[in-house]
Amino acid sequence: MAEDNKEATPSGDESVKLFVGQVPKHMTEAQLLAMFQEFALVDEVNIIKDKTTRASRGCCFVLCPSRHEADKAVSACHNKKTLPGASSPLQVKYADGELERLEHKLFVGMLPKNVSEADLSDLFSKYGTIKDLQILRGSQQTSKGCAFLKYETKDQALAALETINGKHKMEGSNVPLVVKWADTEKERQARRAQKAQSQGSNMPNADLQHPSLFGALPMGYVPPYNGYGYQGPGSYGIMPYRLPPMQNQPGFHGMIPPINQGNALRGGIRPNLSPNMAPRNYGVPPASYVGSAYHPAVPGVQYPMTYPGGMMGHRPIGGSPSSASHQVSSSSSPGSSSGVTTSSGSQVEGPPGANLFIYHIPQEYGDQELANAFKGFGNVLSAKVFVDKATGFSKCFGFVSYDSPAAAQGAIAVMNGYQLSGKKLKVQLKRDNNKQSKPY
DNA sequence: TCATATT
């Protein structure tokens, strides 16, 4: 079987990394390797572990020598096999960035507005076979001055990048083209998130957006080509084209503290400050008044309705004068011991019937705020608000775990339907799916 | 609208 049919892909950079979810935490890399090798050629398995505890996070990477082998593994396993101990079938997909990396996709910027696909093709086809080419256009078909371009191989893309980037001026232009590796999906999301952060619009209150401060933000400097190449195992080598992320750019860091400071000075977000300590409330009634006006008969709820300067992050939560003063983080209360499954890892789950699912949590709430709102009914083991990975914004639902079902019932009785801000909370027992119920 | 996670 002479298989000397060498493709036009010389270098051995065709290996593919797969991400695998729903991997039981007790499995070893060797076990996983053996398992996947039943379906495809696999070079390596790497379990993804918690940075500090080194415990498995329930997922792993699988390295395949080729796209073909990777695809075999995906089609044989994705949603098709459930490993012993897992609650749902394996999730097998290309790892973040793999597709982009395999597409040899370039971003081209600084195009003259009147350049055509054909013009670009003429220039770039000198370095290889163009598989795909598109100029980004607006609503009236007007060029946005940039394009995406896919080559057949990495070497071709690299040749074009190195030859053209910053060196080649197109006819009628006095600035050179910019050629970069296209952003991965992840990088695009990161940029979106950061944009949302810095603009801070759709936040319920805008009084923190001090115009003079914002005028100094490097907002005009958002290069669309701010990408970097993937640096995979033994593939691309050093990428000198990477720009630093926005947060690290000069001027940006310096902006944050003044803004937060301004926030803190507005006061009003800390209801337990004595009135004479809170400088000015800007229309927010004193804490005691807020409490009685808006939270009649709700124990443990003692923040104001509004966040006069509330960014989403965390606001300081001082010691509270509440009678029920359970805190979340320092959860080692010596009294309560049994029944609590402190399973390996992060979020603590309470005994059956003690875990709540909460929907319509106010957008600006984080874990702390959620815990605070629910601490009046018992010992809060954990409180988690889910957050969109891309934008960093709350998904407005989350979980609260108590150490007793009674506490959970109390919370449901009082908090379900309760209007925290805008919508009514939906508070119910968390669905209790798995739990290795072993019917003999 | 129920713990899905990218070394």
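The sequence lines fix the lettering, A, B, ..., with proteins before strands; numbering per chain opens at 1.
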Peer 1: Which part of the nucleic acid does A:Ser56 contact within heavy-atom distance under 4.0 Å: base, sugar-phosphate only, or nothing?
Peer 2: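 Nothing: the residue A:Ser56, judged by heavy atoms under 4.0 Å, touches no strand.
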Peer 1: How close or far is atom P of B:dT4 from atom CD of A:Gln91, stated in whole angstroms?
Peer 2: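 Interatomic distance, CD of A:Gln91 to P of B:dT4: 11 Å.
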Peer 1: What is the distance from CG of A:Asp50 to C1' of B:dT6, rounded to the nearest Å?
Peer 2: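 That distance rounds to 14 Å.
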Peer 1: To the nearest angstrom, how far is A:Lys51 atom NZ from B:dA5 atom C1'?
Peer 2: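 These atoms are roughly 12 Å apart.
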Peer 1: At 4.0 Å (heavy atoms only), tell me whether A:Lys93 reaches a base, stays on the sugar-phosphate, or touches nothing.
Peer 2: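 Here A:Lys93 touches the bases of the nucleic acid.
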Peer 1: Taking the side chain of A:Ser88 as its heavy atoms from C-beta onward, which of B:dT4, B:dA5, B:dA3 lies nearest to it?
Peer 2: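 The listed nucleotide nearest to A:Ser88's side chain is B:dT4.
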Peer 1: What do you reckon, is NZ of A:Lys423 surrounded by more than 12 foreign heavy atoms closer than 6.0 Å?
Peer 2: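 At most 12 heavy atoms, drawn from other residues, nucleotides or ligands, come within 6.0 Å of this atom.
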Peer 1: Taking the minimum atom-to-atom distance to the side chain of A:Ala95, which one of B:dT4, B:dT6, B:dA3 wins?
Peer 2: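 The nucleotide sitting nearest to the side chain is B:dT6.
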Peer 1: How far apart are the C-alpha atoms of A:Gln22 and A:Ser88, what are their side-chain angles, what is the distance that settles it, and do they pass the side-chain hydrogen bond (donor to acceptor under 3.5 Å, both in side chains) test?
Peer 2: CA-CA 7 Å; A:Gln22 295 304 319; A:Ser88 40; 3.2 Å; yes
Peer 1: Nearest whole Å is fine: how far is B:dA3 P from A:Leu356 CG?
Peer 2: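 Rounded to the whole Å, the gap is 15 Å.
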Peer 1: Do A:Phe399 and the base of B:dA3 stack face to face, with centres under 5.5 Å apart and an angle between planes under 30°?
Peer 2: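 Check passed, A:Phe399 stacks on base of B:dA3.
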Peer 1: Salt bridge (charged side-chain N to carboxylate O under 4.0 Å, His left out) with A:Glu38: which residues, sequence neighbours excluded?
Peer 2: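 So A:Glu38 forms no salt bridge (charged side-chain N to carboxylate O under 4.0 Å, His left out) with any residue.
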Peer 1: Which of the following nucleotides, B:dT6, B:dT4, B:dA3, is nearest to the side chain of A:Gln22?
Peer 2: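 Among the listed nucleotides, the one closest to the side chain of A:Gln22 is B:dT4.
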Peer 1: Among residues 31-42 of chain A, which contact DNA chain B at a heavy-atom distance under 4.0 Å?
Peer 2: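 The answer is none.
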Peer 1: Only counting residues at least two apart or in another chain, list the ones meeting salt bridge (charged side-chain N to carboxylate O under 4.0 Å, His left out) with A:Lys72.
Peer 2: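 Listed in chain order: A:Glu69.
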Peer 1: What nucleic acid atoms does A:Tyr359 come within less than 4.0 Å of, heavy atoms only: base, sugar-phosphate, or nothing?
Peer 2: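 Sugar-phosphate only.
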Peer 1: Rounded to the nearest angstrom, tell me the gap between atom NE2 in A:His360 and atom C1' in B:dT1.
Peer 2: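 Atom NE2 in A:His360 sits about 8 Å away from atom C1' in B:dT1.
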Peer 1: Using a heavy-atom cut-off of under 4.0 Å over every strand shown, decide if A:Lys186 touches base, sugar-phosphate, or nothing.
Peer 2: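 If one applies the 4.0 Å heavy-atom cut-off, A:Lys186 turns out to touch the sugar-phosphate alone, with no base involved.
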Peer 1: A:Phe61: which residues meet the ring pair (Phe, Tyr, Trp, His ring centres under 6.0 Å) condition with it, sequence neighbours left out?
Peer 2: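 In terms of ring pair (Phe, Tyr, Trp, His ring centres under 6.0 Å), with neighbours along the sequence ignored, A:Phe61 is linked to A:Phe19.
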Peer 1: Rounded to whole angstrom units, what separation is found between the CZ atom of A:Phe19 and the P atom of B:dT6?
Peer 2: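 So the two atoms are 6 Å apart, to the nearest Å.
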Peer 1: Tell me every residue that passes salt bridge (charged side-chain N to carboxylate O under 4.0 Å, His left out) with A:Arg67, counting only those two or more places apart in sequence or in another chain.
Peer 2: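 Listed in chain order: nothing, the list is empty.
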Peer 1: Given B:dT6, B:dT4, B:dA3, which nucleotide is nearest the side-chain atoms of A:Lys430?
Peer 2: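 For the A:Lys430 side chain, the nearest candidate turns out to be B:dA3.
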Peer 1: I need the CD-P distance between A:Glu44 and B:dT6, as an integer number of Å.
Peer 2: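 It is 19 Å, rounded to the nearest whole Å.
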Peer 1: Using the test ring pair (Phe, Tyr, Trp, His ring centres under 6.0 Å), find all partners of A:Phe357 that sit at least two apart in sequence or belong to another chain.
Peer 2: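 Listed in chain order: A:Phe397, A:Phe399.
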Peer 1: Please report the distance, rounded to the nearest Å, between CG in A:Leu90 and C1' in B:dT4.
Peer 2: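 Value for this atom pair: 13 Å.
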